[in-house]
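Please read the structure below before turning to the comments.
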Amino acid sequence: MIKMGSGKVAFVAFLLLDMITIHVLAECTCEPEENEGKKSEALKYKLIALASILVAGALGVCIPFIGRVVPALSPEKDGFFIIKAFAAGVILATGFIHVLPDAFESLTSPCLKEHPWGDFPFTGFIAMVATMLTLLFETSSAAYQLRSHESRTALKPDDGYGDEERNPQHMGQVAAHNHATHGHAHGSISNLSQVDRYRIVSKVLELGIIVHSVVIGLSLGASESPKTIKPLVVALTFHQFFEGIGLGGCIFQAEFKSLAATIMGACFSITTPFGIVIGILVTSSYKEDSSTALIVEGVLNSASAGILIYMALVDLLSPDFMNPRMQKNKLLQLGSNVSLLLGAGLMSLLAKWA
């Protein structure tokens, strides 16, 4: 009886082990999958996605510059605060809802080796390191700009503060981290000008967005399933449009020269289409479930998420929401809060399809 009982236990254990193995193998689709549709049909949707994403990105990054033509949308008007809040909500949701979950999925895939990828939460660690590196880059860049400003001021001493600082309209434009007013031309050398700060912010923000855009473009371009590509066309088009508004607002406020602003806008607009083209070219050799692809995508997405989350909270939302101009205007405060929630909500909703 004991032998019979032990045999049954061994048989049951074997069945359980077999079921667990089948479940794991079903989750780990590391082997090449059969195409769900014709390659020609998939290529057609890829080309449609390339064109629509290119146009949407270019249009989105240009919208903030309409303020030069439409006075109501200029940075001096309250409407610009509302637009920036919407854009910041989009970027925040991009980091939390779109990029970070993809990074977790890549770096915790069963297709990767248990050691070391299963022993440590690399996704959160890389995002944290990217956030700290962003902070260090911003502070070191600001310190360099400040030292340059001090050396110029030492060569051309100023008797005092100019009338510009006493202008109430100018006092409404507050530095992000100091939350205090200062002049752009004759301000205290202990503070960094708003224009210099926005130039640093726009460069770092573009870096974070470009990294993410190339990754999602590559994934779409390498896919051979029309069923997968169809919903991504619309979702990524809106995704690129909203991100363009956020980046365009920073570029606009940085007051770059026309050529520099055009180059930055063009680089943003072509990154996802560029990724799609690369994906199309490497379709035959690119395997999205290979260990190399998963690690590279996971690391890049983790770093991108850390950068985007930091930029949205520290550089875009905090300066405007702590601005006395907004805090003294309840209607503007309400509109900005609603706009922030709307931007984050719409971008989060897109995660259902992309």
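From a predicted model like this one, the values you see are computed outputs, not experimental measurements.
Taking the six-membered ring where tryptophan is involved, the planes of Phe125 and Phe120 are perpendicular, since the angle between them exceeds 60° and thus also 30°.
Here the straight-line distance linking atom OG of Ser219 with atom CG of Leu236 works out to 9.5 Å at 0.5 Å rounding. Here CD of Glu138 is found 8.0 Å from OG of Ser141. Values are rounded to the nearest 0.5 Å. For the atom pair Ser202 OG and Gln253 CD, the distance stands at 10.0 Å (nearest 0.5 Å). Taken to the nearest 0.5 Å, the CD1 atom of Ile276 stands 12.5 Å off from the CD1 atom of Ile270. Here CG of Leu107 is found 8.0 Å from CG of Leu294. Values are rounded to the nearest 0.5 Å. Distance check, rounded to the nearest 0.5 Å: CG of Asp102 to CD1 of Ile97 gives 11.0 Å.
With a 4.5 Å cut-off on side-chain heavy atoms, Glu297 and Glu105 do not count as touching. Contact check for Gln240 versus Ser213: side-chain heavy atoms found under the 4.5 Å cut-off. You'll find the side chain of Phe81 stays beyond 4.5 Å of the side chain of Asn329, heavy atoms only. Ile309 has its side chain out of reach of Thr131: every pair of non-hydrogen atoms, C-beta onward, lies at least 4.5 Å apart. With a 4.5 Å cut-off on side-chain heavy atoms, Ile209 and Ile307 do not count as touching. The shortest side-chain heavy-atom distance between Leu350 and His98 falls under the 4.5 Å cut-off. Looking at Ser302 and Phe122, their side chains never come closer than 4.5 Å, going by heavy atoms from C-beta outward. Contact of the Val233 side chain with the Ile229 side chain is registered, since non-hydrogen atoms from C-beta on lie closer than 4.5 Å.
Follow the hydrophobic side-chain contacts under 4.5 Å out from Met128 and you reach Trp117 in the same cluster. In terms of hydrophobic clustering, with Ile, Leu, Val, Met, Phe, Trp and Tyr side chains grouped at heavy-atom distances under 4.5 Å, Ile280 and Val277 are assigned to a common cluster.
With hydrogens and angles disregarded, a donor-acceptor distance shorter than 3.5 Å links the side chain of Ser52 to the backbone of Ile48. Remark: side-chain polar atoms of Ser339 are not paired, donor with acceptor, to backbone N or O of Gly335 under 3.5 angstrom. Looking at Ser318, its side chain never comes within 3.5 Å of a backbone N or O of Asp315 through a donor-acceptor pair. Under the 3.5 Å distance criterion, the side-chain polar atoms of Arg199 are matched with a main-chain donor or acceptor of Glu255.
Other residues, nucleotides and ligands place no more than 12 heavy atoms under 6.0 Å from the CZ atom of Phe274.
Of the candidates Ile251, Leu247, Ile263, Phe268 forms a side-chain contact (heavy atoms from CB on, under 4.5 Å) with just one, namely Leu247. Just one residue in the list Leu313, Leu92, Leu100, Leu205 forms a side-chain contact (heavy atoms from CB on, under 4.5 Å) with Leu308, and that residue is Leu205.
Closest of all the heavy-atom pairs between Leu340 and Gly89 is CD1-CA, 3.5 Å. The minimum heavy-atom distance between Leu300 and Val211, with the atom names listed, is O-CG1, 3.7 Å. When every heavy atom of Ala312 is checked against every heavy atom of Ala88, the shortest pair comes out as CB-O, 3.9 Å. Heavy-atom minimum distance, Glu206 versus Met264: OE2-O, 2.7 Å. When every heavy atom of Thr139 is checked against every heavy atom of Leu136, the shortest pair comes out as OG1-O, 3.0 Å. Looking at every heavy atom in both residues, Ser304 comes nearest to Gly208 through OG-O, 2.8 Å.
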Just do the side-chain contact (heavy atoms from CB on, under 4.5 Å) check on Ile82 and Leu332 with the steps written out, would you?
CA-CA 8 Å; Ile82 296 176; Leu332 177 59; 4.1 Å; yes

For the pair Val90 and Ile245, evaluate side-chain contact (heavy atoms from CB on, under 4.5 Å) and give the outcome as yes or no after the intermediate values.
CA-CA 9 Å; Val90 168; Ile245 295 176; over 6 Å; no

What do the steps show when you test Phe96 against Met347 for side-chain contact (heavy atoms from CB on, under 4.5 Å), and what is the final call?
CA-CA 10 Å; Phe96 273 119; Met347 199 64 181; over 6 Å; no

